[in-house]
Amino acid sequence: MIIETRGLGKRFGSVLALRDVSMGVAAGEVTCVLGDNGAGKSTLIKILSGMHRHDTGSYLVDGREVRFSSPREALDRGIATVYQDLAMIPLMSVWRNFFLGSEPRKGLAFDVARARRVAREELAAMGIDIRDVDQPVGTLSGGERQSVAIARAVHFGARVLVLDEPTSALGVKQAGVVLRYIARARDRGLGVVFITHNPHHAYPVGDRFLLLNRGSPLGLYARDDITPQELTRLMAGGAELDELAHELRRE
Ligand SMILES: Nc1ncnc2c1ncn2[C@@H]1O[C@H](COP(=O)(O)OP(=O)(O)OP(=O)(O)O)[C@@H](O)[C@H]1O
Ligand SMILES: [Mg+2]
């Protein structure tokens, strides 16, 4: 395991956002975190990415306990997080966004030619087909933007990629595009933590599935131990849905 949590807990005032969460991700594997709204998914990834500190339990990187005090510290250990509202500037070109904050320099000047070339090469290496790296990021589709963010994290040396609901706002086709890049990052040896509501997005790429319900783990399953039907049913809160269907039926 590159990262691992043991009995992790986090409280916000009187709200117990996470309780006793144990999970991990290994190189070349995808761990999916599933759960309904408010289940604690974002809280968990904010702890992994150094934005929040846990109250109980432990968080280990390369087998050693850590307590990050900022996202920068997590990034320095190779843990890169791609948020839903990506930190990109819509009117700036793809290549500028690719290097945002880490521009290559030639002496004192920004090495534009190199930035363009590297951005183009890195996107191509991930199989991302952007017609023109000079086009503003705002003109890309949601799926393409997520893909650029993933390629950027890979280029800057991420070992673990943490993705908060990268496919939730996307249609079937674009979600497929992002899932392909998740698989590509995995094949390049990264560990991926993939947060989603959608078992249909999780199942095809996931090696492990952590289900959260109101902050508590409902289970951690290896892919061989659960069928897509079971995963969907657990996620949907099968019994609750049956009850709702009953309630909504016409008299
Ligand atoms: N900064 C905060 N201050 C107070 N309460 C918080 C804070 N962040 C999260 N919470 C609470 O913790 C619980 C878990 O929230 P979290 O955002 O982790 O859920 P989530 O699974 O990501 O939900 P969603 O699917 O809606 O994104 C919620 O009850 C939420 O209101
Ligand atoms: Mg969330």
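Counting convention: from 1, in listed order, for ligands and their atoms alike. Quick caveat: nothing in here was measured; it's all calculated off a predicted structure. Heads up: numbering here begins at 1 and tracks the sequence.
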message: Using a 4.0 Å cutoff against the non-hydrogen atoms of Asp36, which atoms of ligand 1 qualify?
response: 21 (O), 25 (O)
message: Assigning hydrophobic clusters by single linkage (Ile, Leu, Val, Met, Phe, Trp, Tyr; side-chain heavy-atom cutoff under 4.5 Å), is Val33 placed with Leu60?
response: no
query: Which pair of non-hydrogen atoms, one from Asp36 and one from Lys41, has the smallest distance, and what is that distance?
result: O-NZ, 2.9 Å
- prompt: Can you hop from Leu48 to Met1 via hydrophobic side chains spaced under 4.5 Å?
  reply: no
query: Does a side-chain N-to-carboxylate-O contact under 4.0 Å join Lys46 and Asp164?
result: no
query: Hey, is Glu247 close enough to Arg249 for a salt bridge, meaning N to O under 4.0 Å?
result: no
- prompt: Salt bridge check: are Arg117 and Glu121 linked by an N-O gap of less than 4.0 Å?
  reply: yes
- prompt: From the Mg ion (ligand 2) out to just under 2.8 Å, does an N/O/S atom of Ser42 turn up?
  reply: yes
query: Is there any N or O on Lys41 that sits under 3.5 Å from an N or O of ligand 1?
result: yes
- prompt: Within 45° of the six-membered ring axis of Tyr59 and under 6.0 Å from that ring's centre, is NZ or CZ of Arg67 located there?
  reply: no
task: If you have a sec, work out which protein heavy atom is nearest atom 8 (N) of ligand 1 and how many Å separate them, to one decimal?
output: Phe12 CE1, 3.4 Å
query: With ring centroids as reference points, do His52 and Phe12 lie under 6.0 angstrom apart?
result: yes
message: Gly40 versus ligand 1: do any nitrogen or oxygen atoms come within less than 3.5 Å of each other?
response: yes
- prompt: What do you think, any protein heavy atom under 4.0 angstrom from atom 30 (C) of ligand 1?
  reply: no
statement: Heavy-atom closest pair (Phe98 atom, Phe156 atom, distance to 0.1 Å) is O-CE1, 3.5 Å
- prompt: Would you say His197 touches ligand 1, if touching means a heavy atom closer than 4.0 Å?
  reply: yes
message: I'd like to check which ligand 1 atoms, numbered from 1 as shown, lie under 4.0 Å from a non-hydrogen atom of Thr43.
response: 9 (C), 14 (C), 15 (O), 16 (P), 18 (O)
field: Glu165 touching ligand 1 at heavy-atom level, < 4.0 angstrom
entry: yes
field: Ala17, any N or O under 3.5 Å of ligand 1 N or O
entry: no
task: May I ask you to check whether Ala39 has an N/O atom sitting below 3.5 Å from an N/O atom of ligand 1?
output: yes
message: Looking at every heavy atom in both Leu18 and Ile47, which two are closest together, and how far apart are they?
response: CD1-CD1, 3.9 Å
message: What protein heavy atom lies closest to atom 27 (O) of ligand 1? Include the residue and the distance to one decimal.
response: Ser42 OG, 3.9 Å
- line: atom 14 (C) of ligand 1: closest protein heavy atom, distance to 0.1 Å, is Gly38 O, 3.4 Å
message: Is Asp164 close enough to touch ligand 1? Criterion: a residue heavy atom under 4.0 Å from a ligand atom.
response: no
field: Gly50 backbone acceptor or donor facing Arg53 side chain under 3.5 Å
entry: yes
- prompt: Is ligand 1 under 4.0 Å from a heavy atom in the side chain of Leu18, in the backbone, in both, or in neither?
  reply: neither
task: Using a distance threshold of 4.0 Å (strictly less than), state whether atom 16 (P) of ligand 1 has a protein heavy-atom neighbour.
output: yes
query: What protein heavy atom is closest to atom 26 (O) of ligand 1, reported as residue, atom name and distance in Å?
result: Asn37 ND2, 3.0 Å
